[in-house]
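A short write-up of the structure that comes next.
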Amino acid sequence: MSSRSPVRVRFAPSPTGFLHVGGARTALFNWLFARKHGGTFVLRVEDTDQSRNTEEAVQVIYDGLQWLGLEWNEGPLVGGDHGPYFQSQRHAIYERYLKRLLDGGHLYDDAGATRFRSPRQTVVVDDAVCGHIEFDMSNPATHPDMTIRRPDGSWIFHFVNVVDDIEMKISHVIRGEDHLSNTPKHVELYNVLGVKPPVFAHIPLILKRDGKGKMSKRDEGSSVNSYREGGYVPEAVRNYLCLLGWSPKDNREKLDIEEVVQLFDLDKINRRNAAFDLDKCFWLNGQYIAQMPMSRFRELCVPVLQADGILFEALGEAHLENVLGLVKEKIKLITEVGPWTRPLFTEDFPFDDTAVEKTLKPAGTAARLRELASKLNRVTDWSHDPIEAAFKELAAAAGVKPALYIHPARIALSGRAVGPGLYQMMIVLGKDRVLARLEKAAAMAG
Ligand code: GLU
């Protein structure tokens, strides 16, 4: 890909079987930076710890990145000129670099482990986010010589990470701030290997919502998978992740990803740690759902309806779109689409016990539902205004509030106290089904 710029960045996860939002945010910032500069985004799997079941764990990473739309230009599945992209397959390369260090006199044996002799000089890092930092490496008590290879022959992270960044021609290392303290060790390796270090950009940590401590695996919303399963929309989650450590410097929060690509740069990343706010992500999700095109909404809802066993196809495409149109601006999670729309596709829908007790059981309800049915039976133009007028006339004639007809009707038609607009629901259901359900609910009301 000769048309690409020299910008080469990478996401280098260890396959733990879990893609943390922090990792996803790191991947996203790398992806944004590559997109912004027409560069290359590399995926490299740091699987030197062979004790894990890598295949499944790696799949979790692919799934999470693909779900968020963070396609990589080089790496597993897509290939590239700098592979293999699994550290477990790069032993020969590491051996070669090890020999260079050995020949340069930088290594020594320590009870079978191979260690790197620190030059014990001050290391300067001009971090694109954290600024100019001088690391005083003179004290072996606080900065012991790093191990490069364990006695069992396995490699230590620092060494293989640096070798791979060199071999993969990485120009910018964008990663979590938890790696800032490792950076002087990495720079020492670059120096003795005679390679100019990449630009480092350490992005702020993601803290728990209360700002107390780093977000951990146990915190709600920490796994990318939990969003997919929980009915979140990838573009909303991606938008939310953009705001964790970056902002457009005005107060906007919902931003098109192409605009983020245009506005993004390393010097705009905040130095302050970002506090994770699942409520904001949830709010954004609702905004995305409400504003997305119907075709996208349909695409997201269909698998969820299928998983819920709702036979939405039987009533035709136009009915499906009508139904989805009723809920699109109301639901906040895609997973809500099943419970919200089931009554619009089938007679086999559940009745909420509390709603039945509260709204159908009170005395007089059965009679009112039957009154309503006979009134609606006389509505010839089955559209919003005549239906609304029927409710009003009925209530006025009985000298009660329309709510006494409206609430029981809602339970009768959907089994639930919350849902799409009542009159809209009645139009989509059609008169016959509405009348039948009102009769059925009148019987339930006793
Ligand atoms: N495998 C390391 C991690 O997951 C990569 C660190 C880096 O990006 O250099 O933290």
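Numbers here are sequence positions counted from 1. All ligand and atom numbering here is 1-based and tracks the order in the structure.
Distance from atom 10 (O) of ligand 1 to its nearest protein heavy atom, with residue and atom name: H179 NE2, 2.7 Å. Nearest protein neighbour of atom 8 (O) of ligand 1, counting heavy atoms only, is R10 NH1, 2.7 Å.
A cation-pi arrangement, defined by a distance under 6.0 Å to the six-membered ring centre and an angle within 45 degrees of its axis, is absent between K212 and F276. A cation-pi arrangement is present between R35 and W31, with the terminal nitrogen or guanidinium carbon under 6.0 Å from the aromatic centre and inside a 45° cone about the axis.
For Y94 and W155, the ring centers sit closer than 6.0 Å to each other.
Each of the following atoms of ligand 1 lies closer than 4.0 Å to a heavy atom of F157: 2 (C), 5 (C), 6 (C). Close contacts between ligand 1 and E46 involve ligand atoms 1 (N), 2 (C), 5 (C) [criterion: under 4.0 Å to a heavy atom].
Distances between N or O atoms of A12 and those of ligand 1 include at least one value under 3.5 Å.
Proximity of a side-chain donor or acceptor of N30 to a complementary backbone N or O of T26 within less than 3.5 Å is detected.
Using a 4.0 Å cut-off between heavy atoms, N161 contacts ligand 1 through its side chain alone, with no backbone atom that close.
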query: When you look at H37 and F33, which way does the ring-ring contact (aromatic ring centres under 6.0 Å, His included) test go after all the steps?
result: CA-CA 6 Å; H37 295 285; F33 188 70; 4.5 Å; yes
